[in-house]
Amino acid sequence: MNIATQKTELRKLVAEEIAALPDDYITLSDKGILTHVLSLKEFTAAKSIMLYCSIGNEPDTLALAKAALAAGKNVAFPFCLKKGIMQAHHVRSLNELKPALLGIPAPPESSPIIERDKLDLIIVPALIFDKARYRLGYGGGYYDRYLDGINAYTVGITRHRLLRDEVPRAPHDVAVDCLVTEEQVFAQ
């Protein structure tokens, strides 16, 4: 079975696991992930941060965004264009986020762009991660393209129950610098 097929099949399996997570676990997991990310020295030192807007049972990123805004950091969210192209758009308030591509909240296209080389830290989404900090994304390739050659410190967040020993990897896949669960921090 080739890598693409392995990834597709694993996405289906993981989607079922995520849907079955109990609400009380999600709440506790969100608190633990938030605590660990806020305690990272890279988060504390970062002046410009890009996060994604979590949906469904993904780990809560809006609490992270609120903390970053309260700390006076420049906060950006992805704005996705066609053909897998993504930009980091600055927001001053979470009220600026509105449903966009695939219904995922994003800043308005008219909001200022923070150039890739100006970002200090990026919170990277995934369905799941493995213990070596590799991710299984949603299959759109937006982050693979965006992160290629980036200098920002990359942080993946996932629920510990979803952590895998290994996910299928293609040659272009790159590990995040740091992976945070509610129980543990995996860093280089």
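The shortest heavy-atom contact between His160 and Glu183 is CD2-OE1, 3.3 Å. Ala152 approaches Leu121 most closely through the heavy-atom pair CB-N, 4.1 Å. Heavy-atom minimum distance, Glu58 versus Arg159: O-NH2, 3.0 Å. Of all non-hydrogen atoms in His90 and Asn74, the two that sit nearest each other are NE2-OD1, 3.5 Å. Of all non-hydrogen atoms in Ala100 and Ala106, the two that sit nearest each other are CB-CB, 3.8 Å. Here the shortest heavy-atom pairing between Leu119 and Ala88 reads CD1-CB, 4.0 Å.
Salt-bridge annotation for Glu17 and Arg164: present, with a side-chain N of the basic residue lying under 4.0 Å from a carboxylate O of the acidic one. Electrostatic pairing of Lys31 and Asp60 does not count as a salt bridge here, judged by no charged N lying under 4.0 Å from a carboxylate O.
Looking only at distances, a side-chain donor or acceptor of Lys98 sits under 3.5 Å from a matching main-chain atom of Asn95. Listed for the His36 side chain is a donor-acceptor partner under 3.5 Å among the backbone atoms of Glu182. At distances below 3.5 Å, at least one donor-acceptor pair connects side-chain atoms of Thr61 with backbone N or O atoms of Tyr52. Proximity of a side-chain donor or acceptor of Lys12 to a complementary backbone N or O of Lys7 within less than 3.5 Å is not detected. A donor-acceptor contact shorter than 3.5 Å is absent between the side chain of Ser111 and the backbone of Pro107. Put simply, the side chain of Glu96 gets close to the backbone of Ser93: a donor and an acceptor are under 3.5 Å apart. Using a distance-only test at 3.5 Å, with no hydrogens or angles considered, no donor-acceptor pair links the side chain of Asp30 to the main chain of Thr27.
The line from CG of Leu97 to CG of Leu62 is 7.0 Å long, rounded to the nearest 0.5 Å. The distance from the CG atom of Leu64 to the NZ atom of Lys66 is 11.0 Å, given to the nearest 0.5 Å. Atoms CD1 and OG, on Ile104 and Ser54 in that order, are 10.5 Å from each other to the nearest 0.5 Å. Distance check: Asp120 CG to Lys47 NZ gives 7.0 Å after rounding to the nearest 0.5 Å. The CZ atom of Arg11 sits 14.5 Å away from the CD atom of Glu16 when rounded to the nearest 0.5 Å. To the nearest 0.5 Å, atom CD of residue Glu115 and atom CD of residue Gln87 are 8.0 Å apart.
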Assess the residue pair Leu40 and Val185 against the criterion (side chain to side chain contact (heavy atoms under 4.5 Å, CB included)); give the C-alpha distance rounded to whole Å, side-chain angles, the decisive distance to 0.1 Å, and a yes or no. CA-CA 9 Å; Leu40 293 174; Val185 175; 4.1 Å; yes
Does Val180 form a side chain to side chain contact (heavy atoms under 4.5 Å, CB included) with Cys178? I'd like the steps, not just the answer. CA-CA 7 Å; Val180 175; Cys178 177; 4.0 Å; yes
Walk me through it: do Phe77 and Leu94 pass the test side chain to side chain contact (heavy atoms under 4.5 Å, CB included)? CA-CA 10 Å; Phe77 283 86; Leu94 297 181; 3.9 Å; yes
Determine, stepwise, if the pair Arg169 / Asp130 fulfils salt bridge (Lys or Arg N to Asp or Glu O under 4.0 Å). CA-CA 10 Å; Arg169 297 179 199 154; Asp130 67 21; 3.1 Å; yes
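Residue Asp23 qualifies as open at atom CG: its count of foreign heavy atoms under 6.0 Å is 12 or below. Other residues, nucleotides and ligands place no more than 12 heavy atoms under 6.0 Å from the CD atom of Glu109.
Ile113 and Val75 fall into different hydrophobic clusters, where Ile, Leu, Val, Met, Phe, Trp and Tyr are joined by side-chain heavy atoms under 4.5 Å apart, directly or via other members. Taking hydrophobic clusters as Ile, Leu, Val, Met, Phe, Trp and Tyr residues chained together by side-chain heavy-atom distances below 4.5 Å, Leu28 does not share a cluster with Leu34. Cluster annotation: Phe79 and Val91 are assigned to distinct hydrophobic clusters (Ile/Leu/Val/Met/Phe/Trp/Tyr, side-chain heavy-atom contacts under 4.5 Å, transitive). Hydrophobic clustering (ILVMFWY, side-chain heavy atoms < 4.5 Å, transitive): Met50 and Leu81 are in distinct clusters.
Side-chain contact check for Val174 versus Leu147: every heavy-atom pair is 4.5 Å or farther apart. In this structure, Ile122 and Ile49 have side chains that are not in contact, with every pair of non-hydrogen atoms separated by 4.5 Å or more.
Lys131 meets the side chain to side chain contact (heavy atoms under 4.5 Å, CB included) test with Leu163, Asp165, Phe186; sequence neighbours excluded. By the side chain to side chain contact (heavy atoms under 4.5 Å, CB included) test, Asp24 pairs with Pro22, sequence neighbours left out. In this structure Lys118 satisfies the salt bridge (Lys or Arg N to Asp or Glu O under 4.0 Å) test with no other residue, sequence neighbours excluded.
Residue pairs meeting the side-chain hydrogen bond (donor to acceptor under 3.5 Å, both in side chains) criterion with at least one partner in residues 143-157, sequence neighbours excluded, are Arg135-Asp144, Thr154-Asp177.
Other members of the cluster containing Leu13 are Leu10, Val14, Ile18, Leu21, Tyr25, Ile26, Leu127, Ile128, Tyr134, Leu136, Tyr138, Leu162, Val167, with ILVMFWY side chains joined at under 4.5 Å, either directly or via other members. The hydrophobic cluster around Ile3 extends to none of the other residues, as no ILVMFWY side-chain heavy atom falls under 4.5 Å of it.
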